[in-house]
Novice: 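A single structure is presented below for examination.
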There are 2 protein chains.
Amino acid sequence: MVHPFLRKLRHGARLTKDNEDILGRLVQSTRLVGAREDVVPFGGAPRYLPLVVDGWACRYITLENGRRQIVSLFLPGDLCEPFGVLPRFMDHAIAALTPVVIAQIRPEAIRAAANASPRIDEALWWDLLVTSAIDREHLVSLGRRTATERLGHLFCELHLRLTMIGLVDEDEPSYDMPVTQADLGDLLGLSMVHINRSLQELRRSGMISLRDRRLSIRDLDGLRELSFFDDGYLHPFGALSLLNSSDVSDVGRTSR
Amino acid sequence: MVHPFLRKLRHGARLTKDNEDILGRLVQSTRLVGAREDVVPFGGAPRYLPLVVDGWACRYITLENGRRQIVSLFLPGDLCEPFGVLPRFMDHAIAALTPVVIAQIRPEAIRAAANASPRIDEALWWDLLVTSAIDREHLVSLGRRTATERLGHLFCELHLRLTMIGLVDEDEPSYDMPVTQADLGDLLGLSMVHINRSLQELRRSGMISLRDRRLSIRDLDGLRELSFFDDGYLHPFGALSLLNSSDVSDVGRTSR
DNA sequence: CGGGCTATTGACGCTTGTCAAGAGCGGTGG
DNA sequence: CCACCGCTCTTGACAAGCGTCAATAGCCCG
């Protein structure tokens with residue numbers, strides 16, 4: 001049972017056994033948070049960096065009129081704030097979407113780990129870059145994709161992110177999607193009703209099936225095309241060039 | 001004439017003269033990019049971190065069907081990528097919205113600067129946090145704000161960001177807004193036509209005036225209320241608590 | 001058996017997009 | 001000097017996407 005944090009960071013740098021020991025020690029102190037509870041409330045000054053060990057969480061912002069927007073989705077292995085610093089004031093909140101196990105990391109410790117090894121440093125910066133890229137694609141979805149495109153794009157992204165941490169059943173790819181349609185609405189900037197209708201459209205067209213919080217992708221290529229999904233932003237094979245980690249052969253990618 | 005990069009970072013940490021010298025040396029190598037040209041193209045592996053010295057730039061992503069979304073807006077003093085690393089593959093592009101002067105920074109140099117002084121380190125991480133927060137609010141706009149709210153929020157944000165670098169005329173606050181309505185559409189996830197109509201609505205209601213690429217804010221409080229603008233996310237008085245930079249008295253803020 | 005949460009469906013209306021045309025303006029070349 | 005071009009802004013008419021309101025059904029759990 002490899003820790004999801006390690007599973008993910010392995011995609012960002014070639015970690016040695018030693019590196020993984022150091023990283024593993026960072027995530028030992030954990031606590032449980034119930035579904036729909038805040039992991040870190042709005043406005044506070046957190047004392048630890050939260051990292052999701054198990055379950056799904058999110059970052060959200062609530063407007064004064066009650067409208068809520070989920071800004072980021074956190075899966076197992078995801079660090080909820082940039083490593084290395086603690087915000088002095090939370091301009092957003094972190095909440096559990098399902099019951100979650102949260103590891104609490106001290107920023108001094110994670111910085112020390114980065115300083116201890118260039119590969120850890122590389123992995124952590126890679127993670128920061130990928131996290132930013134995910135948020136950017138999310139923003140593009142809200143700005144320029146239709147409802148079904150947003151859903152399709154999300155499902156493709158989750159397929160990749162969950163694959164990275166070994167949570168996808170690969171023949172007829174399927175994975176658990178333990179969130180309500182209301183949550184999906186808040187995530188994708190749509191109403192719950194419209195999410196429901198768009199999901200049905202995706203089902204009718206044979207792209208997906210979704211029952212009992214389990215998503216099966218029936219036509220991955222179709223879904224990718226429909227939603228303009230290009231996996232380049234997830235940098236599946238490393239993204240940094242500060243270090244010369246040589247062995248990065250070229251990866252076939254859309255070039256425009 | 002203080003460099004806008006310094007003007008901005010002063011809001012993030014108490015920089016000494018020495019600190020500022022170090023930072024000033026980072027931004028000495030510059031080049032010019034014409035309006036509408038790419039500063040860094042999609043797909044490339046940049047060799048420098050771009051920083052805007054003068055003019056306005058943006059980060060954008062184009063979908064395969066031609067729709068464009070501007071993801072971030074860069075003003076003078078803005079670093080266009082997280083400090084400390086170079087992406088090995090650009091999943092987006094950086095473009096000039098007006099003619100811009102770009103400083104080219106080597107990531108090793110900026111990391112060395114961060115290591116040379118805790119205050120520089122603090123300022124750079126503060127900048128990273130503020131930049132992320134701006135992107136998050138942008139995402140909230142696209143997801144949960146109407147057209148006029150998005151415009152109002154943008155104008156409030158620009159008012160603050162431009163104030164930080166001394167580009168706002170403060171009696172009847174006004175500033176230059178050198179972008180086309182089409183650009184605003186791509187930034188706010190709307191059509192150019194709808195931007196035009198929404199701008200007129202803001203004019204008619206006496207919130208703003210906008211002529212010859214100059215924006216005047218007639219009713220700042222009204223604009224803030226209308227667009228659910230809360231300046232907390234810009235962390236105007238420092239945002240980190242890694243270092244004990246003591247003298248941060250409490251700042252009055254909306255508490256939820 | 002009843003309450004609460006989630007998913008579903010229908011009817012209706014508003015926000016926003018699309019298409020198209022025209023006006024204003026600065027630059028350029030004959 | 002004027003005609004022409006290209007860019008931006010503006011306006012109108014219409015259509016489409018999505019939100020809101022409301023009602024119902026299914027399910028789990030007490």
Side-chain angles (χ1 to χ4, degrees), chain A residues 34-37 56 63 65-70 95-99 141-154 176-205 208-215 226-227, chain B residues 34-37 56 63 65-69 96-99 141-154 176-205 208-215 226-227:
Chain A
R36 279 156 215 295
E37 285 175 30
W56 287 28
L63 297 186
N65 62 355
R67 286 178 284 189
R68 181 173 91 134
Q69 177 66 47
I70 293 180
L97 290 171
T98 69
S141 276
L142 302 199
R144 291 299 188 214
R145 279 190 258 254
T146 67
T148 52
E149 289 166 11
R150 290 181 209 186
L151 280 168
H153 193 272
L154 175 68
D176 285 327
M177 254 252 328
V179 295
T180 67
Q181 295 185 4
D183 290 333
L184 285 179
D186 285 346
L187 178 66
L188 299 181
L190 297 164
S191 70
M192 195 192 69
V193 173
H194 202 67
I195 290 284
N196 186 285
R197 293 191 226 264
S198 305
L199 279 175
Q200 292 180 47
E201 196 178 321
L202 286 177
R203 280 192 272 242
R204 259 186 285 109
S205 61
I208 62 161
S209 90
L210 176 56
R211 288 189 318 275
D212 300 332
R213 302 282 165 91
R214 178 113 192 147
L215 182 93
L226 169 129
S227 62
Chain B
R36 279 156 217 295
E37 285 175 30
W56 288 28
L63 298 185
N65 62 356
R67 286 179 283 189
R68 181 174 91 135
Q69 177 65 48
L97 291 171
T98 69
S141 276
L142 301 200
R144 292 298 188 215
R145 279 191 258 254
T146 67
T148 51
E149 289 166 13
R150 292 180 208 185
L151 279 168
H153 193 272
L154 174 68
D176 285 326
M177 255 251 328
V179 295
T180 68
Q181 295 185 5
D183 289 333
L184 285 178
D186 285 345
L187 177 66
L188 298 181
L190 297 164
S191 69
M192 193 192 69
V193 173
H194 202 66
I195 290 283
N196 186 284
R197 292 191 226 265
S198 304
L199 280 175
Q200 293 180 47
E201 195 178 321
L202 285 177
R203 279 192 272 242
R204 259 186 286 109
S205 62
I208 62 161
S209 89
L210 176 55
R211 287 189 319 274
D212 300 332
R213 302 280 165 92
R214 178 116 193 145
L215 183 93
L226 169 128
S227 62

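Every chain is numbered from 1, with letters handed out A, B, ... down the list of sequences. The structure displayed is predicted, hence computed values, not measured ones.
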Novice: Is there a salt bridge (charged side-chain N to carboxylate O under 4.0 Å, His left out) between A:D186 and A:R67 once you walk through the steps?
Specialist: CA-CA 8 Å; A:D186 285 346; A:R67 286 178 284 189; over 6 Å; no
Novice: Does the A:R36 side chain pair with the main chain of A:A95, one donor and one acceptor, at a distance under 3.5 Å?
Specialist: no
Novice: When the distance from CG of B:D212 to C1' of C:dC25 is rounded to whole Å, what number comes out?
Specialist: 11 Å
Novice: I need a per-nucleotide contact map over nucleotides 4-19 of chain C, read 5' to 3'. Cutoff is protein heavy atoms under 4.0 Å; write B for the base, S for backbone only, - otherwise.
Specialist: --SSBBBB----BSBB
Novice: Could you please spell out the steps behind the side chain to side chain contact (heavy atoms under 4.5 Å, CB included) verdict for A:R145 and A:H153?
Specialist: CA-CA 9 Å; A:R145 279 190 258 254; A:H153 193 272; 3.4 Å; yes
Novice: Is A:R150 reaching over with its side chain to a backbone N or O of A:S141, donor-acceptor style, under 3.5 angstrom?
Specialist: yes
Novice: Taking the side chain as every heavy atom from C-beta outward, state whether B:H194 and B:T148 have any pair of such atoms under 4.5 Å apart.
Specialist: no
